[in-house]
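Below: one structure, written as structure tokens.
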There are 2 protein chains.
Amino acid sequence: MCEQTLKDLVDRYTAVSFSVTTLAGSLVKEEIGSEITSDQYYTLKTIYQTGSCTSTHLAEVFAVKKSAITAIINRMWDKGLIKRTRDENDRRIVYLTLTEQGEEIYFMLERRIYKLVESFISKFDEAEISQFLKTYEKLNEVLIEIKENKVEKQS
Amino acid sequence: MCEQTLKDLVDRYTAVSFSVTTLAGSLVKEEIGSEITSDQYYTLKTIYQTGSCTSTHLAEVFAVKKSAITAIINRMWDKGLIKRTRDENDRRIVYLTLTEQGEEIYFMLERRIYKLVESFISKFDEAEISQFLKTYEKLNEVLIEIKENKVEKQS
DNA sequence: GTTTAATAGTTAAATAGTTGAACTATTCAT
DNA sequence: ATGAATAGTTCAACTATTTAACTATTAAAC
């Protein structure tokens with residue numbers, strides 16, 4: 001790939017990704033509702049997807065300090081969304097899981113997000129969006145690789 | 001498009017977009033540096049891109065209340081990144097522009113983001129990423145349309 | 001032309017998210 | 001047994017956001 005083409009592609013990617021991020025962020029804020037904040041939704045989703053999730057794991061995934069996780073988990077625990085369970089073998093570890101109420105709110109938000117995504121996915125034809133998703137999923141793999149290399153370097 | 005295919009596409013989009021957003025967010029946090037917060041970068045970028053930007057415009061773009069904009073602009077003004085200029089004809093309006101120092105930091109962050117994006121765009125071949133960007137840009141247009149319809153409804 | 005509406009932005013209190021540094025409790029290594 | 005490493009918490013300081021009340025200015029009605 002020549003210099004000029006690469007520069008053009010990078011410029012287009014940064015421009016469109018900034019715009020989509022801003023627009024999607026603002027739409028989600030307006031459409032998805034205010035039961036919990038978006039950080040709390042991200043936390044619910046990651047705990048739900050991870051079997052036996054810990055504060056350390058959340059801190060690593062979101063690239064924040066563990067004290068920030070303690071704070072957000074405290075607020076969500078106060079609202080009755082999250083359970084804490086100590087590991088019986090290693091009593092330093094605290095496992096995080098969703099309470100019934102936590103799951104209810106999570107599923108409700110997932111349904112609303114589904115509707116929102118459906119409303120614009122349906123404006124594309126299937127072949128187009130399939131090809132798009134294939135590359136998007138490959139981008140995801142590339143990012144996972146970069147992230148894993150960074151984590152290895154740190155340890 | 002049949003029900004089943006649409007559901008599959010929406011599910012794939014929500015999954016990959018959540019994962020990429022989380023990963024990219026964490027990489028940007030670790031790579032781009034801590035001169036300013038990401039909200040402040042978004043503010044710098046939007047002011048730079050908009051001729052004669054106002055608080056009202058920023059509040060609309062980011063879907064937050066105007067008082068939140070006042071607060072962030074105050075902090076950035078304290079750091080010498082932003083200038084305020086009153087409109088001579090309509091003295092209610094305050095135009096926001098970047099100071100020289102604000103532009104310097106903005107350009108520096110843009111260069112770092114360019115390097116980061118380049119490092120993963122170059123892992124794709126040109127045809128693949130071109131096709132991807134075409135659909136991504138169309139998605140951007142669709143989102144702009146949705147946003148404009150929402151703004152019209154409100155007024 | 002004066003009163004009323006609407007618009008642009010600010011202030012202040014309350015809540016949420018984040019960092020950095022010091023801390024407790026527990027496990028691992030030797 | 002003792003010292004290092006790991007998992008998580010606490011606290012002070014800061015940033016980001018909302019809600020509601022506020023100032024200043026312009027536009028609209030009458």
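For the numbers below, each heavy atom of this structure counts, side chains included, while hydrogens, waters and symmetry mates do not. Residue numbers start from 1 in every chain, and the chains themselves are labelled A, B, ... in the order their sequence lines are given, proteins ahead of strands. Keep in mind that what you see is a predicted model, and the values were worked out from it rather than measured.
- Remark: Lys134(B) NZ is loosely packed, at most 12 non-hydrogen atoms of other residues, nucleotides or ligands lying under 6.0 Å away.
- With side-chain heavy atoms closer than 4.5 Å counting as contact, directly or through intermediates, the hydrophobic cluster containing Ile93(B) also holds Tyr95(B).
- An end-to-end axis angle of 10° holds for the helix from dA6(C)-dT25(D) to dT30(C)-dA1(D), taken from five base pairs per end and rounded to 10°.
- Heavy-atom nearest nucleotides on DNA chain D were determined for His57(A) and for Ile69(B), and the one closer to the 5' end corresponds to His57(A).
- Residues from residues 44-53 of chain A lying near DNA chain C, meaning a heavy-atom separation below 4.0 Å, are absent.
- The side-chain hydrogen bond (donor to acceptor under 3.5 Å, both in side chains) analysis of residues 45-58 of chain A, with sequence neighbours excluded, yields the pairs Lys45(A)-Glu110(A).
- Using a 4.0 Å cutoff on non-hydrogen atoms, the parts of residues 87-106 of chain B near DNA chain D are Asn89(B), Asp90(B), Arg91(B), Arg92(B), ordered by number.
- For Arg86(A) and dT6(D), the CZ to P distance is 18 Å, given to the nearest whole Å.
- Every residue meeting the side-chain contact (heavy atoms from CB on, under 4.5 Å) condition with Glu128(B), not counting sequence neighbours, appears here in chain and number order: Thr135(A), Lys138(A), Phe124(B), Asp125(B).
- The heavy-atom pair separating Arg112(B) from Glu31(B) by the smallest distance is CD-O, 4.4 Å.
- Taking a 4.0 Å limit (strictly below) on heavy-atom distances, residues 70-79 of chain A reaches DNA chain C at Ala71(A), Ile72(A), Arg75(A).
- In dA5(D) the base sits anti relative to the sugar, since the glycosidic angle is further than 90° from 0.
- Nucleotides of DNA chain C with any atom under 4.0 Å from a heavy atom of chain A span, from 5' to 3', dA16(C) to dT27(C).
- Distance, Tyr41(B) OH to dA16(D) C1': 19 Å, rounded to whole Å.
- Residue pairs meeting the side-chain hydrogen bond (donor to acceptor under 3.5 Å, both in side chains) criterion with at least one partner in residues 8-23 of chain A, sequence neighbours excluded, are Lys7(A)-Asp11(A), Arg12(A)-Glu137(B), Ser19(A)-Asn140(B).
- Listed by chain and residue number, Phe18(A) satisfy the ring-ring contact (aromatic ring centres under 6.0 Å, His included) test with Tyr42(B) (two or more places apart in sequence, or in another chain).
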Under 3.5 Å, which donor-acceptor pairs link side chains of residues 62-74 of chain A to any protein atom two or more places apart or in another chain?
| from | atom 1 | to | atom 2 | distance (Å) |
| --- | --- | --- | --- | --- |
| Thr70(A) | OG1 | Lys66(A) | O | 3.3 |
| Asn74(A) | OD1 | Arg84(A) | NH1 | 3.3 |
| Asn74(A) | OD1 | Arg84(A) | NH2 | 3.1 |
| Asn74(A) | ND2 | Thr70(A) | O | 3.3 |

Please write out each protein N/O paired with an N/O of nucleotides 19-21 of chain D under 3.5 Å, distance rounded to 0.1 Å.
| from | atom 1 | to | atom 2 | distance (Å) |
| --- | --- | --- | --- | --- |
| dT19(D) | O4 | Ser67(B) | OG | 2.8 |

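- Rounded to whole Å, the distance from CD on Glu35(A) to C1' on dT18(D) is 16 Å.
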